[in-house]
2 protein chains.
Amino acid sequence: MAGKSESETTRLDDAARAGWLYYVVGDTQDEIARKLGVSRQSAQRLVSLAVSEQLIKFRLDHPIARCMELAQMIRAQFDLRMCEIVPSDPAAPFSIAGIAQAGAAEMERVLRSDESKIIAFGTGRALRACVEQLRPMECPQHTAVSLLGNMMLDGSATAYNVIIRFAERINCRHFPMPLPPLARTAHERELFQQQEPVKNILEIAEKADVTFVGIGEIGEAAPMLVDGFITHDEIRALTAAGAVGEITSWVYDKNGELIRGLTNDRVTSAPLHADPDHLRCGIAAGRQKVKAIRAAMKGRLINGLITNEATAEQLLK
Amino acid sequence: MAGKSESETTRLDDAARAGWLYYVVGDTQDEIARKLGVSRQSAQRLVSLAVSEQLIKFRLDHPIARCMELAQMIRAQFDLRMCEIVPSDPAAPFSIAGIAQAGAAEMERVLRSDESKIIAFGTGRALRACVEQLRPMECPQHTAVSLLGNMMLDGSATAYNVIIRFAERINCRHFPMPLPPLARTAHERELFQQQEPVKNILEIAEKADVTFVGIGEIGEAAPMLVDGFITHDEIRALTAAGAVGEITSWVYDKNGELIRGLTNDRVTSAPLHADPDHLRCGIAAGRQKVKAIRAAMKGRLINGLITNEATAEQLLK
DNA sequence: TTGTATAATGAGCAAATACTCACCAAATGC
DNA sequence: GCATTTGGTGAGTATTTGCTCATTATACAA
């Protein structure tokens with residue numbers, strides 16, 4: 001096992017080297033092969049490994065006119081603090097490709113501050129992808145806190161572990177929340193929230209300087225349903241009550257107002273604010289999320305947005 | 001003017017889009033051409049424009065990133081054929097840990113050649129550690145030759161027997177030098193060097209395709225002193241004469257020029273060259289060796305270097 | 001308008017890259 | 001200890017990319 005991990009790391013080292021030579025230096029794979037003393041095919045494999053293992057990251061650093069324009073319009077219409085639009089792939093206009101790089105760039109902007117910041121996180125696929133794109137940096141001055149529990153009801157950890165990965169990357173103090181996002185009953189929620197550590201975490205979350213959240217739609221493909229936190233029946237009840245979206249498990253209607261009762265009675269996540277002084281950045285894209293995103297902006301549940309071109313076009317309709 | 005800048009920006013926009021599709025999405029240039037409605041050649045031009053205009057940034061996200069950067073800088077500054085930097089252990093930044101693996105990898109790169117090569121060796125702790133890391137391989141096509149004697153003055157063998165161990169590992173013809181590295185007098189050196197076998201070995205060393213040497217500092221902890229080849233008085237005389245380092249017992253000053261007289265009059269080792277066509281790779285690390293390494297590069301006594309991150313940082317200061 | 005300079009284009013080809021397959025070696029499991 | 005799986009390798013080949021060159025479009029001055 002030591003041997004395996006040893007050979008594994010040197011292989012990744014070589015891949016990193018190859019990736020560096022290929023993309024940064026601009027060598028051909030033949031040259032890389034010679035420099036590394038391997039066959040050309042192996043050099044090719046190393047380069048492609050560097051890409052597939054994300055040892056090499058690509059980032060677009062150019063304001064594309066159409067995207068800027070859309071961002072400007074959305075920022076004005078929904079009175080946002082920030083709005084970032086990434087180009088869409090014409091073949092798959094609603095895919096979340098590219099969002100991750102933009103999200104990471106925004107996070108790095110915050111992290112670069114020397115002042116100590118409290119950064120709060122929701123969860124979800126998009127957010128996780130952003131964190132994967134972060135460049136490792138030493139930021140012990142900051143604190144990361146989770147807005148919602150990362151446990152399944154059986155105590156196992158959830159799939160999209162955003163906060164721990166984030167803290168690992170930047171090496172900061174972090175507070176994951178050791179709860180399921182939904183309690184079984186309103187009463188159980190009270191019990192959870194009376195635990196000292198949980199109270200402490202919620203207090204920290206309250207003071208967050210910046211918040212990054214994913215946005216979930218409500219429907220047959222809702223993340224909450226897919227991840228097994230709620231049932232089909234509950235989705236139907238929520239839909240009937242006018243629910244269109246969800247942020248950190250708090251379900252809201254088309255005006256961004258929280259649904260009263262139903263699953264919201266059991267949500268253990270930190271409360272949502274509409275505090276205009278701090279950035280609450282939603283990160284989401286997709287045709288089926290348009291309503292949820294628009295509602296979140298209307299209700300000022302978020303005051304910042306990172307999405308893509310195609311989603312942005314829909315939001316303005 | 002406005003028109004020009006207008007068309008210019010849309011061209012760069014397209015380039016950004018193309019670069020994004022190519023690197024982030026992973027499309028082929030044919031697909032990009034279709035999506036953007038241009039010819040394949042134009043798509044290619046847009047992608048290459050995105051790279052040359054730095055619209056797309058590449059970043060290596062791996063612990064060795066810093067090492068590659070340092071290697072690049074050292075290679076440029078000292079005009080080296082190769083430079084390999086291994087990560088430092090933050091707990092012991094100047095330890096030679098890791099150097100051995102890198103050195104072995106470099107040696108294996110040479111050994112993998114099918115052509116018959118003559119490989120020359122100095123001696124020392126770092127070099128010995130490298131050889132220990134070599135994986136056994138059958139390389140009867142190569143020849144190993146020692147650049148300096150491996151005898152104590154009393155005829156016993158020295159501690160760091162690099163060449164025999166090397167030859168054992170790869171099973172090749174080898175020529176250790178049955179002499180002490182320093183004769184007692186200049187006259188004795190002449191006598192040694194007139195011996196037929198010694199002459200032969202020196203001739204082979206002269207033709208070496210690749211050379212690996214350790215680098216010794218001059219001072220109270222100098223390897224030559226510790227190993228008992230020279231005295232404290234001689235070290236003091238050398239230091240007074242400006243000596244900062246030593247390669248295969250040849251002592252040189254801060255510009256990498258050999259010290260005239262003193263111990264150099266009695267050195268039996270093969271002469272040092274500054275031949276740019278063959279790799280002469282120095283393998284060394286440590287705070288106390290920084291001056292010696294830098295001088296060796298300045299004087300082109302070596303044109304390749306394997307060291308570690310912390311030492312590399314110092315070399316650039 | 002016309003000539004001229006500049007830049008963009010597409011075709012064709014050479015080079016570089018990616019993929020598949022058959023094979024081998026080390027690790028894993030029975 | 002032996003079969004099996006896994007992961008890596010080189011050869012061969014298909015695909016993709018980059019380059020050159022002749023041609024065409026565009027801008028601008030006379």
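Just so you know, these numbers use all the heavy atoms, side chains as well, and skip hydrogens, waters and symmetry mates. Proteins come first, then strands; the chains are lettered A, B, ... in the order of their sequence lines, and each starts at number 1. Note that the coordinates shown come from a computational prediction; the quantities given were computed from them, not determined experimentally.
- The separation between A:L49 atom CG and C:dT17 atom C1' is 16 Å, rounded to whole Å.
- Side chain of B:R40, nearest nucleotide from C:dT9, D:dT17, C:dA18: D:dT17.
- Here the nucleotide nearest the side chain of A:S42, chosen from D:dG10, C:dG12, C:dT17, is D:dG10.
- With respect to the salt-bridge test (charged N to carboxylate O, under 4.0 angstrom), the residues B:D13 and A:R66 do not qualify.
- Counting non-hydrogen atoms under 4.0 angstrom, B:Q41 reaches a base of the nucleic acid.
- Straight-line distance from the CG atom of B:D14 to the P atom of C:dT9: 10 Å, rounded to whole Å.
- Between B:S48 and D:dG18 there is no side-chain polar atom (N or O) within less than 4.0 angstrom of OP1 or OP2.
- Separating the CD atom of B:Q29 from the C1' atom of C:dA18 is a distance of 14 Å, rounded to the nearest angstrom.
- At whole-Å resolution of the value, OH in B:Y23 and P in C:dT17 are 11 Å apart.
- Residue B:T28 has a polar side-chain atom (N or O) positioned under 4.0 Å from OP1 or OP2 of D:dT17.
- Between B:E31 atom CD and D:dT15 atom P the separation is 14 Å, expressed in whole Å.
- Applying the 4.0 Å criterion to OP1 and OP2 of D:dG18, one finds that B:Q44 has a side-chain N or O inside that range.
- Put simply, B:Y22 has no side-chain N or O that comes within less than 4.0 Å of OP1 or OP2 on D:dT16.
- Atom C1' of nucleotide C:dT9 and atom CG of B:L36 are separated by 16 Å, given to the nearest angstrom.
- Under the 4.0 Å criterion applied to side-chain N and carboxylate O atoms, B:D79 and B:R300 are assigned as salt-bridge partners.
- Remark: B:S39 is not in phosphate contact with C:dT9, judged by side-chain N or O atoms under 4.0 Å from OP1 or OP2.
- The nearest whole Å value for the distance from the CG atom in B:D30 to the C1' atom in D:dA14 is 14 Å.
- Side-chain N/O atoms of A:R45 and base N/O atoms of D:dG7 include no donor-acceptor pair closer than 3.5 Å.
- Using a cutoff of 4.0 Å between basic side-chain nitrogens and carboxylate oxygens, A:E108 and A:R59 are scored as salt-bridged.
- Side-chain atoms of B:N161 do not come within 3.5 Å of backbone N or O of B:N150 as any donor-acceptor pair.
- Proximity of a side-chain donor or acceptor of B:R81 to a complementary backbone N or O of B:P276 within less than 3.5 Å is detected.
- In this structure, B:L46 places its CG atom 16 Å from P of C:dA7, rounding to the nearest Å.
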